[in-house]
Peer 1: 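Provided herewith is a single structure, encoded as C-alpha cells, for subsequent inquiry.
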4 protein chains.
Amino acid sequence: MYFNIDPRKNTPLYEQIIHQVKEMCAKGILLPNEKLPSVRELSSQMVINPNTVSKAYQELERQGVIVTIRGRGTFISEEFHQTYDPRLVEKLKQSLKQMIIDSHYAGISKEELTEWIEKVYEEMGGNSDEN
Amino acid sequence: MYFNIDPRKNTPLYEQIIHQVKEMCAKGILLPNEKLPSVRELSSQMVINPNTVSKAYQELERQGVIVTIRGRGTFISEEFHQTYDPRLVEKLKQSLKQMIIDSHYAGISKEELTEWIEKVYEEMGGNSDEN
Amino acid sequence: MYFNIDPRKNTPLYEQIIHQVKEMCAKGILLPNEKLPSVRELSSQMVINPNTVSKAYQELERQGVIVTIRGRGTFISEEFHQTYDPRLVEKLKQSLKQMIIDSHYAGISKEELTEWIEKVYEEMGGNSDEN
Amino acid sequence: MYFNIDPRKNTPLYEQIIHQVKEMCAKGILLPNEKLPSVRELSSQMVINPNTVSKAYQELERQGVIVTIRGRGTFISEEFHQTYDPRLVEKLKQSLKQMIIDSHYAGISKEELTEWIEKVYEEMGGNSDEN
DNA sequence: GTGGTCTAGACCACC
DNA sequence: GTGGTCTAGACCACA
C-alpha cells in the first residue's frame, strides 16, 4: 500500500487518492475484499488531513470501488462494479479528444500514443475482465 | 467561427476556448494566418466576460498557436508550433493512463476506446502529419 | 430463524436485526410466545458482536415486540403491541414523503410504487389486521 | 426560498437541505433554471457552516438536480434528470418495506398509508411528468 | 477501534 | 462575487 501524493499538482489531493486506488485495483495490486488503511492511518501516513482521505473514500464508495463496513473499516468491493452513466461516457469522450489534440501539439504521433495505451492495458493485465 | 461553450462544465471557460481553437486548427477549420475575432467581438458573441476571452487568447499566444499584431488583430500562427516539453509529455501520459482506467470502470472496452481514437484522428484528417 | 444481515448497508446492524424480527412477526413467521435464540447463540451464528444483538433485543423489548424472562430466555410478545406515538407517526409521514420524492427521482412511477406496497401487504397476509 | 432545518433531528443537516431542495423541485416551488442562494448566503441565513451547504449542493449536483456555473452560482437543472441506479431502486424498495412494517406497528392502517401517499402525489401535481 | 458530521477559518481559481 | 479544496479540531454512533 504505497501512495504517491503530490500536493504541488493541480489535481486535488482527494482525487489523486481516488485515482491511485482505482489504478491499483485495475492492476491487481489491490484485490477484492482487501482492507484499505483506515482514514486516520492513511491520513497520518500521508501527512494530510483525515477529512481529505475521508472524502476520497466516500467518493470511491459512491463509485462502487470500495465498501465501508461500520466500525470495521473500508474494503475493496467484492465484485467489479461498472457504472453506465451516459454523462460520464460523454465526458470521457470529450477529454479523450482533447488529450489527442494536446498530444498532437506536444509532438506525439498517433503511433506513440497507441503504444502508450497498449502499455497501460498490459499493466492492467487480465484484470480487465475478471476483477 | 462557431464556438460551443458550456458554462456548466467543470472545465473553465477560458480552457474551453483554448481547446476549441486548438481543435479547429488541428481539423483544418482554422487555417494559418486566418484572423480571429477580437476579444470584444467574441466575448459579446458568447455572452461571457471579456477577461475570460482575453485570458484564453493570452494562453494561446504563449503556446504559439496564435499571434497578436498590435493594431491589426489576432491571427493563427503561420507555422504549426510544437512544444517538446518533457514535463508536458509526462503529464499527458499520466492523464491518458487515468482516462483509460476511468473508461474501464465506465464499462468501455479497449476496442471501443480505440475506435474513438481512430475517429478523432480521422476528423483531424491529413493535418495530423503535415500541418 | 434465518437472519439476513448485511454489514455493508448503512443501516446499523442492530437496526437490521430489529427490522427483521418485526418483519418476521408481521409476516407470521415468528408467532406469539415463540422463543428467540439467545444473545450468545444469535451473535455467534451471525458472526457479529454480542453487544450488537443485545442492543437490538433491548430496543425490541422497549417497543413491546419481545419480552425477556430472566433465566428462561426471550420470547415474542403474547399480544401485538401497537404504539400510538404522534411524534413517531409524524416521523413516518415525513420519511414516506421523502421516499416518494426519491422514488420519483429514481424514475419509479406511482403505479410501480403502489404495486410494491400491495406486494408487501400481501406478504404480511391476514396478519396486518388481526394479529 | 424558505428552508426549514432542524439540527436536533438525527438526519444530517446536509441531507435535510438535499431533501428540501428536491421536494421544492418536485412540488414546482423551485423551477428549472432558477437560481439558488449562494453557499455563503444560505449558510448565513440558516446559521450553519458554509461547508455543510456546499456538501449538500455538491450531492445535489451529482444527482443531477442542480447545476453549478463557475463564478455565477448554482441553478436548478434545466431538464428533470432521472437516475436508473439498480442499487438505489433496491434500497428504496427495502426502506419502503420497512416503513410499511413500522407503520403497521404504529397502528397505521393500509388505508391511511395509501391516503398519505395520494396526498403527497397531489402536492407534487403535474410536476411529476413535465418538470 | 472505525467512519460520519459539523464547525471555523484559510486559500485558491474562475468570472 | 462564486464555488472548491484543505486544515485543524471537535463530537457522535456504531462495532
Side-chain angles (χ1 to χ4, degrees), chain A residues 5 7 9-17 35-43 46-61 66-75, chain B residues 5 7-17 43 46-56, chain C residues 5 7-17 43 46-56, chain D residues 5 7 9-17 35-43 46-61 66-75:
Chain A
I5 294 311
K9 273 192 186 161
N10 36 12
T11 41
L13 294 180
Y14 81 95
E15 270 195 20
Q16 293 186 42
I17 298 173
K35 191 180 184 306
L36 288 169
S38 80
V39 169
R40 290 161 171 79
E41 221 180 315
L42 191 52
S43 66
M46 289 179 160
V47 202
I48 60 175
N49 192 286
N51 287 329
T52 307
V53 178
S54 184
K55 189 172 181 180
Y57 276 15
Q58 282 178 47
E59 176 61 20
L60 281 166
E61 173 150 40
I66 66 177
V67 285
T68 86
I69 301 181
R70 322 203 26 142
R72 290 222 262 137
T74 56
F75 303 82
Chain B
I5 295 307
R8 292 171 305 185
K9 286 212 181 118
N10 358 357
T11 37
L13 290 183
Y14 81 95
E15 271 194 21
Q16 291 188 42
I17 298 173
S43 65
M46 290 179 161
V47 201
I48 59 177
N49 195 307
N51 292 329
T52 308
V53 178
S54 181
K55 189 170 181 180
Chain C
I5 297 307
R8 292 170 304 185
K9 285 211 181 117
N10 358 359
T11 37
L13 290 183
Y14 81 95
E15 270 194 21
Q16 291 188 43
I17 298 173
S43 66
M46 289 179 160
V47 202
I48 60 175
N49 195 307
N51 293 328
T52 308
V53 178
S54 181
K55 190 169 181 181
Chain D
I5 294 310
K9 273 194 186 160
N10 36 12
T11 42
L13 294 179
Y14 81 95
E15 271 194 20
Q16 293 186 41
I17 298 173
K35 192 180 182 306
L36 287 169
S38 82
V39 169
R40 289 161 172 80
E41 220 180 315
L42 191 52
S43 67
M46 290 179 161
V47 201
I48 60 175
N49 192 286
N51 287 331
T52 307
V53 177
S54 184
K55 190 173 181 180
Y57 276 16
Q58 281 178 46
E59 176 61 19
L60 281 165
E61 173 150 40
I66 65 176
V67 284
T68 85
I69 300 181
R70 324 212 13 150
R72 290 223 262 137
T74 56
F75 303 82

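In the text below, chain A, chain B and the rest are named by the order of the sequence lines, each starting its count at 1. Remember, predicted model here, so these are calculated numbers, not experimental data.
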Peer 1: Hey, which sits more toward the 5' end of DNA chain E by its nearest nucleotide, A:Ser38 or B:Ile48?
Peer 2: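 Nearest-nucleotide comparison on DNA chain E picks A:Ser38.
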Peer 1: Need the pair for E:dG9. Rule: Watson-Crick or G-U wobble, both distances under 3.5 Å, any strand; none if unpaired.
Peer 2: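 Paired with F:dC6.
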Peer 1: Under 4.0 Å between a side-chain N or O of D:Gln58 and OP1 or OP2 of F:dG4?
Peer 2: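 For F:dG4, OP1 or OP2 has a side-chain N or O of D:Gln58 closer than 4.0 Å.
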Peer 1: Find the distance D:Glu59:CD to E:dT5:C1' and express it as a whole number of Å.
Peer 2: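 Rounded to the whole Å, the gap is 14 Å.
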Peer 1: Of the nucleotides E:dC14, F:dG3, E:dG4, which has the atom closest to the A:Glu61 side chain?
Peer 2: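 Of E:dC14, F:dG3, E:dG4, E:dG4 is nearest to the side chain of A:Glu61.
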Peer 1: Starting the side chain at C-beta, find the nucleotide from F:dG3, E:dC15, F:dA15 nearest to D:Arg72.
Peer 2: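 Per side-chain heavy atoms of D:Arg72, the pick is E:dC15.
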Peer 1: Considering heavy-atom distances to DNA chain F, does A:Asn49 or D:Ile69 have its closest nucleotide positioned more toward the 5' end?
Peer 2: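 Residue closer to the 5' terminus by nearest nucleotide: D:Ile69.
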Peer 1: Rounded to the nearest 0.5 Å, what's the gap from OG1 on A:Thr74 to CD1 on A:Ile66? Could you check?
Peer 2: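 Going from OG1 on A:Thr74 over to CD1 on A:Ile66, the span is 5.0 Å.
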Peer 1: Side chain of A:Asn51 only, heavy atoms from C-beta on: which candidate in F:dA8, F:dG3, E:dC15 is closest?
Peer 2: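 Within the option list, the nearest is F:dA8.
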Peer 1: Rounded to whole Å, how long is the line connecting atom CG of B:Asn10 with atom P of E:dC14?
Peer 2: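 Result: 12 Å.
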Peer 1: Taking atom NZ of D:Lys55 and atom NZ of A:Lys55, what is their separation to the nearest 0.5 Å?
Peer 2: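 If we round to the nearest 0.5 Å, D:Lys55:NZ and A:Lys55:NZ are 9.5 Å apart.
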Peer 1: To the nearest 0.5 Å, how far apart are CG in A:Leu13 and CE in A:Met46?
Peer 2: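 Interatomic distance, A:Leu13 CG to A:Met46 CE, rounded to 0.5 Å: 8.5 Å.
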Peer 1: In whole Å, I'd like the distance from the CD1 atom of A:Ile5 to the P atom of F:dT7.
Peer 2: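 Answer to the nearest Å: 11 Å.
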Peer 1: May I ask you to evaluate whether D:Thr52 reaches the phosphate of E:dC6, defined as a side-chain N or O under 4.0 Å from OP1 or OP2?
Peer 2: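 False: D:Thr52 side-chain N/O out of range (4.0 Å or more) of E:dC6 OP1/OP2.
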Peer 1: Measure across A:Ser38 and A:Lys35 and return the closest heavy-atom pair with its distance rounded to 0.1 Å.
Peer 2: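 The pair with the smallest heavy-atom distance is N-NZ, 4.3 Å.
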Peer 1: Without decimals, in angstroms, what is the distance between C:Lys9 NZ and F:dC14 P?
Peer 2: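 Going from C:Lys9 (NZ) to F:dC14 (P), I get 17 Å.
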Peer 1: Checking the side chain of A:Arg70 only, and the main-chain atoms of C:Pro7 only, is there a donor and an acceptor separated by less than 3.5 Å?
Peer 2: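 Checked: no pair found.
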Peer 1: Check whether B:Ser54 reaches the backbone of B:Pro50 with its side chain - one donor and one acceptor, N or O, closer than 3.5 Å.
Peer 2: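 No.
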Peer 1: Using heavy atoms to find the nearest nucleotide of DNA chain F for C:Pro12 and A:Tyr14 separately, return the residue whose nucleotide is more 5′.
Peer 2: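 Nearest nucleotide further toward 5': that of A:Tyr14.
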Peer 1: Watson-Crick or G-U wobble partner for F:dG1, using a 3.5 Å limit on both distances?
Peer 2: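 Checking every strand shown, F:dG1 finds its partner in E:dC14, with both distances under 3.5 Å.
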Peer 1: Can you tell me the distance, in whole Å, between the CG atom of D:Leu36 and the C1' atom of F:dG3?
Peer 2: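 Rounding to the nearest Å, CG of D:Leu36 and C1' of F:dG3 are 13 Å apart.
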Peer 1: Distance criterion of 3.5 Å, no angle test: do you see the side chain of D:Arg40 paired donor-to-acceptor with the base of F:dG1?
Peer 2: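 Counting by modelled atom types and ignoring angles, no donor-acceptor contact under 3.5 Å is found here.
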Peer 1: Measuring from the side chain of A:Glu41 (C-beta onward, heavy atoms only), which nucleotide among F:dT2, E:dT5, E:dT2 has the closest atom?
Peer 2: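 Closest nucleotide among those given: E:dT2.
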Peer 1: Rounded to the nearest angstrom, tell me the gap between atom CG in A:Leu42 and atom P in F:dT7.
Peer 2: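 To the nearest whole Å, that distance equals 12 Å.
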Peer 1: Looking only at side-chain atoms of D:Ser54, point me to the closest of E:dT5, F:dC6, F:dT5.
Peer 2: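 The closest nucleotide is F:dT5.
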Peer 1: Please determine, for the side chain of C:Lys55, which listed nucleotide (F:dC14, E:dT7, E:dG3) has the closest atom?
Peer 2: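 From the listed options, F:dC14 comes nearest.
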Peer 1: Among F:dG3, E:dT7, E:dT5, which nucleotide sits nearest the side chain of D:Val39?
Peer 2: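 Out of F:dG3, E:dT7, E:dT5, the nucleotide with an atom closest to D:Val39's side chain is F:dG3.
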Peer 1: Nearest to the side chain of A:Thr68, heavy atoms from C-beta on, is which of E:dT7, E:dG3, F:dG3?
Peer 2: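 Closest nucleotide to the A:Thr68 side chain: E:dG3.
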Peer 1: Check the distance between E:dC14's C1' and B:Met46's CE and give it to me in whole angstrom.
Peer 2: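 Nearest whole value for this atom pair: 16 Å.
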Peer 1: What is the separation between atom NZ on D:Lys35 and atom P on F:dG1, rounded to the nearest whole Å?
Peer 2: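 To the nearest whole Å, that distance equals 12 Å.
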